[in-house]
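Down below is the structure, laid out as structure tokens.
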Protein chains: 2
Amino acid sequence: MPSRPSLVQIAERVGVSPATVSRAFNRPELLNDATRERILATARQLGFRPSKVGSSLRSGSTRTLGLLLPTMSNPVFAACFEGAEERALKAGYSVMLATTGYDARREREAARSLLDHRVEGMILTVADPARSATLAELAASGVPFVLAYNESDRHPFVSVDNFAAAGDMVEQLVASGHRRLAMISGPLDASDRASKRLDGVLDRAARLDLPAPTHVSMPRHTAADRDRLRSLLSSPRPPSALFCSNDLLAASVIAELATLGLRVPDDLSVCGFDGMAFGALMVPSLASVHQPSSEIGSQACHELLKALAGGSSRSVRLPHRLSGGGTVARLAVD
Amino acid sequence: MPSRPSLVQIAERVGVSPATVSRAFNRPELLNDATRERILATARQLGFRPSKVGSSLRSGSTRTLGLLLPTMSNPVFAACFEGAEERALKAGYSVMLATTGYDARREREAARSLLDHRVEGMILTVADPARSATLAELAASGVPFVLAYNESDRHPFVSVDNFAAAGDMVEQLVASGHRRLAMISGPLDASDRASKRLDGVLDRAARLDLPAPTHVSMPRHTAADRDRLRSLLSSPRPPSALFCSNDLLAASVIAELATLGLRVPDDLSVCGFDGMAFGALMVPSLASVHQPSSEIGSQACHELLKALAGGSSRSVRLPHRLSGGGTVARLAVD
DNA sequence: TGCAACGATGAAAACGTTTGCAGTCTGTTC
DNA sequence: GAACAGACTGCAAACGTTTTCATCGTTGCA
């Protein structure tokens with residue numbers, strides 16, 4: 001197993017200068033056809049491919065983007081990744097991915113590591129853009145970045161309008177005859193999305209003269225806590241519909257309800273937020289606010305690339321869409 | 001926005017040699033306390049962090065691993081990624097992730113790109129290790145790699161024993177009173193796992209004197225084709241249980257069955273393979289062969305790190321586990 | 001014939017680090 | 001007082017590229 005040959009060794013072998021070998025790969029049109037072929041043939045034969053490490057150093061450009069997302073276990077972020085990756089690939093960029101597990105410390109470390117690798121730009125989702133140390137550091141570093149899913153008035157982002165979207169779901173629940181709602185979320189301080197969605201729910205409920213929806217916060221983002229769920233349902237006038245701040249949580253809620261002997265939607269309606277592909281496969285299918293995750297990723301990447309090309313990134317709000325599902329019952333009017 | 005300072009500029013600023021600055025970060029114990037502090041302070045103040053590009057070039061080590069997986073939309077691979085990432089992180093490695101979308105061409109391009117970036121090792125899942133051009137190239141390159149999910153007698157891998165695992169599921173189905181089985185998979189030539197699982201099913205069925213299970217191949221890995229499903233069920237003696245070669249496919253099958261008016265498990269039993277976390281949240285919960293995806297990722301990474309440390313990687317078969325679920329009915333004996 | 005322009009290639013510097021070797025102190029030991 | 005050890009730091013080369021500038025033939029044209 002020969003240690004990878006370098007451009008210089010190819011040059012020696014072929015009997016040309018390193019510059020010429022370099023040109024054979026980067027500016028092939030500059031070379032005499034015969035020379036070029038001779039070089040490429042030798043390169044192929046020896047298994048040579050130019051090292052990006054060397055070229056990054058010399059050119060000052062790594063052609064690599066950093067992606068910093070909470071977790072890949074949430075299909076929303078997985079889709080976002082794929083959207084961004086595809087877009088990056090088309091533009092000739094590679095992707096370094098790091099996950100934070102919703103942990104601020106890991107988030108900071110990972111961002112630093114990405115910067116150390118000299119990624120040229122970054123796409124990331126943080127807990128709360130207003131208080132994120134990571135974001136401050138990133139801004140100070142001068143490396144362009146675009147937020148995904150977060151909303152911010154200080155930094156470019158790509159997301160849906162969480163406030164409005166949550167409100168629209170309330171409206172749809174009301175249209176189905178529901179008036180007593182509850183919002184279920186994970187820890188609010190670890191997700192500005194969840195906060196915005198809750199605000200949207202409360203606001204719209206108020207406008208529609210609904211009784212103020214209860215809010216229950218679960219200890220984890222994507223798993224329902226059985227006791228808190230039970231206590232919510234045993235209140236004097238329990239909700240007829242549970243709006244969960246994300247789809248995984250909704251699925252978990254439904255599963256917990258089943259263990260409590262409650263069937264969805266017959267005994268209780270449930271809906272989520274995200275529109276993950278999987279929701280459509282559930283039986284009954286999960287009602288949700290669909291956000292175009294893959295597009296969020298690709299758009300974020302697109303905006304980032306604009307910045308890298310010397311332009312500047314704009315914030316983008318992509319349209320959401322209510323995807324009705326079998327988990328919300330149509331109630332007879334009181 | 002000041003362009004990132006280099007180690008040399010810090011050196012000048014502090015009034016020491018570049019070597020000393022380098023040591024402040026890599027061998028701090030070598031330095032006089034005062035010097036070290038002066039350097040680190042200036043570095044912090046100017047926002048300097050040593051560039052991995054420079055150090056990779058000089059040291060010949062990028063401390064980066066490549067991950068090449070079919071898709072992040074399948075939670076199995078997402079979990080595998082997270083397992084590997086965590087393990088890599090602990091060892092001080094970063095991760096470059098690329099997805100192939102089950103496409104051989106993209107697979108090859110992505111592998112090359114990772115090699116160009118001089119990843120020190122690679123973890124990957126290919127369609128069929130025996131015929132993979134990517135794998136051949138990779139082996140020729142001399143970069144160590146470990147297969148995940150694939151099984152091979154020529155390359156190190158980490159996976160479950162697909163043949164045996166599928167057989168065990170057959171056994172469990174039989175224990176629940178099922179005798180007429182069907183296996184549903186995606187395109188076999190794009191997944192050696194699916195093939196092995198099918199073999200396992202056929203083999204065990206034969207041993208148990210079952211009627212030979214039908215096999216239906218769907219055009220896509222994770223989506224059921226309605227027509228093929230219908231034609232399977234309208235055969236003279238239709239199966240009572242459908243064994244799907246992965247969980248996403250199983251979920252899709254269940255959803256399709258629902259649109260055909262068939263309820264699971266009352267009218268038909270369904271089970272999958274993967275044990276994705278999500279299956280447990282389905283109602284009823286999805287019966288499946290659980291493979292420890294996160295551990296597959298971390299073990300693969302572990303084996304890879306062993307190779308990088310000068311040792312060699314061994315193939316590992318991790319234990320599978322049948323996770324009984326509500327989607328398989330317990331039939332009365334004929 | 002002379003000169004410009006062009007095509008093809010080479011020489012060398014530069015990118016940001018790391019590290020073996022050598023050097024300068026200081027303090028210690030006979 | 002000399003030799004020496006140890007602590008600390010500097011010098012300079014090297015890693016694999018890219019790119020500017022220069023060079024050398026050739027060709028086209030006046």
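Everything quoted here is computed from the prediction, not taken from an experiment. Proteins come first, then strands; the chains are lettered A, B, ... in the order of their sequence lines, and each starts at number 1.
The aromatic ring centres of B:Y149 and B:F77 sit less than 6.0 Å apart. Aromatic pair B:F25/B:F48: centroids less than 6.0 angstrom apart. Separation of the A:F81 and B:F81 ring centroids does not fall under the 6.0 Å cut-off.
Whole-Å rounding puts the A:D33 CG to C:dG7 P distance at 13 Å. Residue A:H117 contributes atom NE2, which lies 18 Å from atom P of C:dG16 at whole-angstrom precision. Per the geometry, CG belonging to A:L30 stands 14 Å off C1' belonging to C:dG10, to the nearest Å. In this structure, CD of A:E37 is placed 12 Å from P of C:dT9, rounded to the nearest angstrom. In this structure, CD of B:Q9 is placed 7 Å from P of C:dG16, rounded to the nearest angstrom. The separation between B:L57 atom CG and D:dT18 atom P is 12 Å, rounded to whole Å. Atom CG in A:N32 sits about 13 Å away from atom C1' in D:dT26, given to the nearest Å. Nucleotide D:dT17 holds its P atom 10 Å from the CG atom of B:D116, rounded to whole Å.
Between B:T35 and the options B:T20, B:V14, B:L40, a side chain to side chain contact (heavy atoms under 4.5 Å, CB included) holds for only B:T20. Remark: of the listed residues A:T125, A:T134, A:T99, A:T134 is the sole one forming a side-chain hydrogen bond (donor to acceptor under 3.5 Å, both in side chains) with A:E107.
A 4.5 Å side-chain heavy-atom check between A:V8 and A:E12 finds at least one atom pair inside the cut-off.
Here B:T35 lies in heavy-atom contact (under 4.0 Å) with sugar-phosphate atoms only.
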>> Generate the contact string for nucleotides 17-26 of chain C. Rules: B means base contact, S means sugar-phosphate contact only, - means no protein heavy atom under 4.0 Å.
In response: BBBB------
